[in-house]
Amino acid sequence: MHIERQALQKKAQLFGILEQLCERVEPSQTQEDRAKTSYEAVGQWLASASSPLLSGSSIYLQGSTALGTTVRPIGSNEHDVDLVHHLLGLGRWIEPARAKALVGDRLKESDRYRAILEEKPRCWRLNYAGEFHLDITPSIPNELCARGGELVPDRLLRCWKATNPKGYRDAFKRRAELVPQMRLLKSFAADSARADIEPFPKRPRFKGLLCRIVQIAKRHRDVYFLKRDAALAPISVIVTTLAAWSYERAVASNVFDSELDVLRIVIAGMPDFIQRPIVGGRPTWAIWNETTAGENFAERWNAEPARARAFFEWHAVVMADLDELGRSAGLDELTGLLGKSFGQRPAAQVMQDLFDGMAAARRSGCLSLAPGLGLTTTPVSRATRVPPNTFYGSL
């Protein structure tokens, strides 16, 4: 039983470290607050346009910011904030290029926005240097979608494409609210009740297991493709969609020992939700947007098969890396594995925080080594106080 308790403690500590790593690579609270202020300001500016073609429009967040799964690009402190400018008064009769121009013309009426405005293929970007970008995509109602879907320009501004950002957001959040059933080992629970054991390190504010799983997967993807063709990296909506579907299935059909086990099972199950419909006599790739008809997130895989191969190659590596993390023995080895999988800088920062916390607790006499449980800062029966110059030990 001691070995079983020790394995459970190790998993809890490792997931706590991954949780802190996610906090290192997501936007700071200050960045989020500034992005919120800027989003609200530009929304008011667009909504107050005098043009009758823009009247009755609405502005809202989409993508990772709306879902709470943002990960900053590697080597940059900036991140994207995706907005939709929904033009309620327009329909399919207007050309996508014209709709996009209406939004751009309104932004150019502001000296402030004109100075930071950049045109992208199907949206407009406001560059807040060193902090974030606001990407504003025009949309019109999709009268053929019973779920309140919308239409956005394609990349060439030649046609309208079905989408449903609000429906997708609501479906994701519904899944994110699902709570896995955890199995607590009886002996571990008994010891915890008797000794009030607090695992080390303390886990920071938890934003939701599904959101963290998506962030972990996206960060690993970003690091993996640093030394490969980044253009082939699976787009975030594919990673997010497959993780969300896998999470829902896993939660409904499993009882888990730890959140680390949830992470592994969810990532392992992602490929199960990729469809292979036969079109024109040949197999194709499909990851359909369940909230509207006609949007295939894997559409580009069919034109560029290398994208599909890149997904499965990355998926095999992320699974191998998670298994290797689970087998790690000692903080030095763990630091190296985290750096390889998620980036040297955030891994070093998180582990340094761990070392510093242990050192402070050791100096104050609050750090103990409990049999079968590892290092803890809470008094535990049968625990041995760690003296001032003792090694940190292993997880």
Side-chain angles (χ1 to χ4, degrees), residues 15-47 58-85 107 110-118 120 123-137 165 169 172-173 176 201-223 226 236-237 239-240 338-339 341-357 360:
F15 193 85
I17 289 171
L18 291 174
E19 164 80 3
Q20 293 181 66
L21 191 144
C22 285
E23 291 198 333
R24 289 285 184 177
V25 300
E26 68 183 357
S28 66
Q29 186 62 55
T30 299
Q31 285 180 307
E32 288 187 1
D33 292 343
R34 289 175 177 169
K36 178 177 182 292
T37 299
S38 299
Y39 153 67
E40 292 173 346
V42 74
Q44 291 174 0
W45 176 257
L46 292 171
S58 64
I59 296 88
Y60 63 89
L61 291 169
Q62 68 166 337
S64 60
T65 303
L67 304 179
T69 59
T70 300
V71 173
R72 293 196 312 271
I74 295 176
S76 173
N77 196 42
E78 299 180 9
H79 65 282
D80 292 338
V81 179
D82 295 316
L83 278 61
V84 173
H85 187 189
L107 292 169
S110 165
D111 292 339
R112 178 187 180 191
Y113 296 138
R114 186 171 59 251
I116 59 174
L117 186 64
E118 176 186 356
K120 306 296 284 186
C123 72
W124 295 94
R125 171 170 290 181
L126 294 175
N127 289 297
Y128 295 83
E131 297 188 82
F132 52 85
H133 313 120
L134 291 183
D135 287 347
I136 307 168
T137 302
R169 176 197 64 197
F172 180 88
K173 289 187 176 295
K202 295 181 182 179
R203 188 199 302 168
R205 179 181 56 84
F206 193 58
K207 73 183 299 179
L209 186 52
L210 176 56
C211 291
R212 286 308 194 204
I213 290 173
V214 171
Q215 287 181 309
I216 290 168
K218 286 167 62 175
R219 178 66 182 191
H220 187 282
R221 171 206 61 185
D222 292 348
V223 172
L226 269 181
S236 291
V237 72
V239 175
T240 303
L338 288 172
S341 299
F342 301 103
Q344 296 293 338
R345 183 174 180 180
Q349 291 172 332
V350 168
M351 296 308 290
Q352 188 60 53
D353 286 347
L354 175 62
F355 294 150
D356 291 345

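This structure is a prediction, so every number in the text was calculated from the model and none was measured.
- Smallest separation of non-hydrogen atoms from G68 and C211: O-CB, 3.8 Å.
- Residues that satisfy the salt bridge (charged side-chain N to carboxylate O under 4.0 Å, His left out) test with K173, not counting sequence neighbours, are absent from this structure.
- Atom NE2 of H220 and atom NZ of K218 lie 15.5 Å apart (nearest 0.5 Å).
- Between atom CZ of residue F15 and atom CD1 of residue I213 there is a gap of 6.0 Å, rounded to the nearest 0.5 Å.
- D33 and K36 are not joined by a salt bridge, as no carboxylate oxygen comes within less than 4.0 angstrom of a charged side-chain nitrogen.
- The CG atom of L134 sits 9.0 Å away from atom CG of L61, with the distance rounded to the nearest 0.5 Å.
- Side-chain contact between Q62 and R169 is absent, with no heavy-atom pair separated by less than 4.5 Å.
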Between Q215 and R212, is a side-chain hydrogen bond (donor to acceptor under 3.5 Å, both in side chains) present by the stated rule, with each step listed? CA-CA 5 Å; Q215 287 181 309; R212 286 308 194 204; 2.6 Å; yes
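- Between A347 and G339, the shortest heavy-atom distance links the atoms CB-N, 3.6 Å.
- In this structure, F132 and H79 have tilted ring planes: the angle between them lies in the 30° to 60° band.
- Residues L67 and T240 meet the side-chain proximity criterion, which asks for heavy atoms closer than 4.5 Å.
- Once rounded to the nearest 0.5 Å, the distance linking CD1 of I74 with CZ of R221 reads 9.0 Å.
- D353 has its side chain within reach of R24: a pair of non-hydrogen atoms, C-beta onward, lies under 4.5 Å apart.
- In terms of heavy atoms, I216 sits closest to C22 at CG1-SG, 3.5 Å.
- L46 has its side chain out of reach of L83: every pair of non-hydrogen atoms, C-beta onward, lies at least 4.5 Å apart.
- Shown here for R112 and A41, the closest heavy-atom pair between the two residues is NH1-CB, 4.5 Å.
- Looking at heavy atoms from C-beta onward, T137 lies out of side-chain contact with D82 at the 4.5 angstrom threshold.
- Salt-bridge check for E26 with R219: failed, with every basic side-chain N at 4.0 Å or more from each acidic carboxylate O.
- Put simply, CZ on R72 and OG on S64 are 12.5 Å apart, with the number rounded to the nearest 0.5 Å.
- Counting heavy atoms from C-beta on, the side chains of M351 and I17 come closer than 4.5 Å.
- Looking at residues two or more places apart in sequence or on another chain, you find a salt bridge (charged side-chain N to carboxylate O under 4.0 Å, His left out) between D135 and R125.
- The shortest side-chain heavy-atom distance between F172 and V214 falls under the 4.5 Å cut-off.
- In plain terms, the two heavy atoms of V223 and S341 that are nearest each other are CB-O, 3.6 Å.
- Heavy atoms only, all atoms of each residue included: Y128 and Y113 are closest at OH-CE2, 3.7 Å.
- The distance from atom CH2 of W124 to atom CD of E118, rounded to the nearest 0.5 Å, is 10.0 Å.
- Counting heavy atoms from C-beta on, the side chains of L107 and V42 come closer than 4.5 Å.
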